[in-house]
**Q** 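Structure in C-alpha cells, see below.
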Amino acid sequence: MLSIDLDGGNRLELRASGRIDGEDMRDALDRLVDLADPLDHATCLAEIGALDLPEGGAALAKLARSPKLIALAGTLDRVAVVTDEDVVARAARDHAGTLGEFDLRAFGRHEHDRARAWLTGTDNLV
C-alpha cells in the first residue's frame with residue numbers, strides 16, 4: 001500500500017507498507033508530483049510500515065519519474081520519517097544529506113506528534 005495526501009496546505013503525507021507494485025508506485029508518484037507542483041516550500045511526513053520487496057514495475061515507475069522527483073526534492077524544507085523499521089530509520093539517517101537540501105529526521109512509530117511538531121518548527125529539536 002502506498003498513498004499520498006496533502007495536509008495543512010504544504011505538508012505532504014506519505015504512507016507505505018506491504019508490497020508495492022508498479023501500478024501502486026506509478027499512481028502514488030503521479031499524485032505526489034501533482035500535489036507538490038504548486039508548492040514553493042513543503043514538508044513531508046512519511047509513515048513507513050513493514051515493506052515487502054517492491055515488484056520490478058515499481059522500480060521502473062520510480063525511475064521514469066526521477067527527473068520530476070528530483071525537482072520536487074528542491075521544494076522540500078523538512079522530511080520526517082516515522083517508522084519502527086530499523087532498516088528504514090537507518091537508511092533515512094544515513095542518506096539525510098544526500099537526497100536533497102532538506103532536513104531529514106527519523107522518528108519512532110509512536111512519535112507522530114513529535115514528528116509533526118518538528119515539521120512545523122514548534123518543537124525543541126535541534
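None of these values were measured; they are calculated from a predicted model. Side chains included, hydrogens not; waters and symmetry mates left out as well; all remaining heavy atoms used.
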**Q** Could you list the donor-acceptor pairs under 3.5 angstrom formed by side chains in residues 40-47, with sequence neighbours left out?
**A**
{"unit_1": "H41", "atom_1": "ND1", "unit_2": "D77", "atom_2": "OD1", "d": "3.2"}
{"unit_1": "H41", "atom_1": "ND1", "unit_2": "D77", "atom_2": "OD2", "d": "3.3"}
{"unit_1": "E47", "atom_1": "OE1", "unit_2": "H112", "atom_2": "NE2", "d": "3.0"}

**Q** Using salt bridge (Lys or Arg N to Asp or Glu O under 4.0 Å) as the criterion, list what pairs up with E111, not counting sequence neighbours.
**A** R114

**Q** Quick one: CG on D37 to CG on D34, what's the gap to the nearest 0.5 Å?
**A** 7.5 Å

**Q** Looking at every non-hydrogen atom in both residues, tell me the closest pair between A115 and F107 and how far apart they are.
**A** CB-CD1, 3.7 Å

**Q** Test of understanding: with side-chain contact (heavy atoms from CB on, under 4.5 Å), list the residues that count as partners of L35, not counting sequence neighbours.
**A** I4, L6, L12, R31

**Q** Just how far is it from atom NZ of K62 to atom CD1 of I20, taken to the nearest 0.5 Å?
**A** 9.5 Å

**Q** Give me the atom names and distance for the closest heavy-atom approach of A61 to L29.
**A** O-CD1, 4.1 Å

**Q** Name all residues meeting the salt bridge (Lys or Arg N to Asp or Glu O under 4.0 Å) criterion together with D84; count only those two or more places apart in sequence or in a different chain, and write none if there are none.
**A** R109

**Q** About how many Å separate CG of L32 and CE of M25, when rounded to the nearest 0.5 Å?
**A** 10.5 Å

**Q** Once rounded to the nearest 0.5 Å, what's the spacing between atom CG of L76 and atom CZ of R11?
**A** 13.5 Å

**Q** Would a 4.5 Å heavy-atom cut-off, applied to side chains only, mark L2 and L14 as touching?
**A** yes

**Q** For D30, give me all partners under salt bridge (Lys or Arg N to Asp or Glu O under 4.0 Å), at least two apart in sequence or on another chain.
**A** R65

**Q** What's the shortest heavy-atom distance between F102 and R78, and which atoms?
**A** CB-N, 4.1 Å

**Q** Using salt bridge (Lys or Arg N to Asp or Glu O under 4.0 Å) as the criterion, list what pairs up with R15, not counting sequence neighbours.
**A** D5, E13

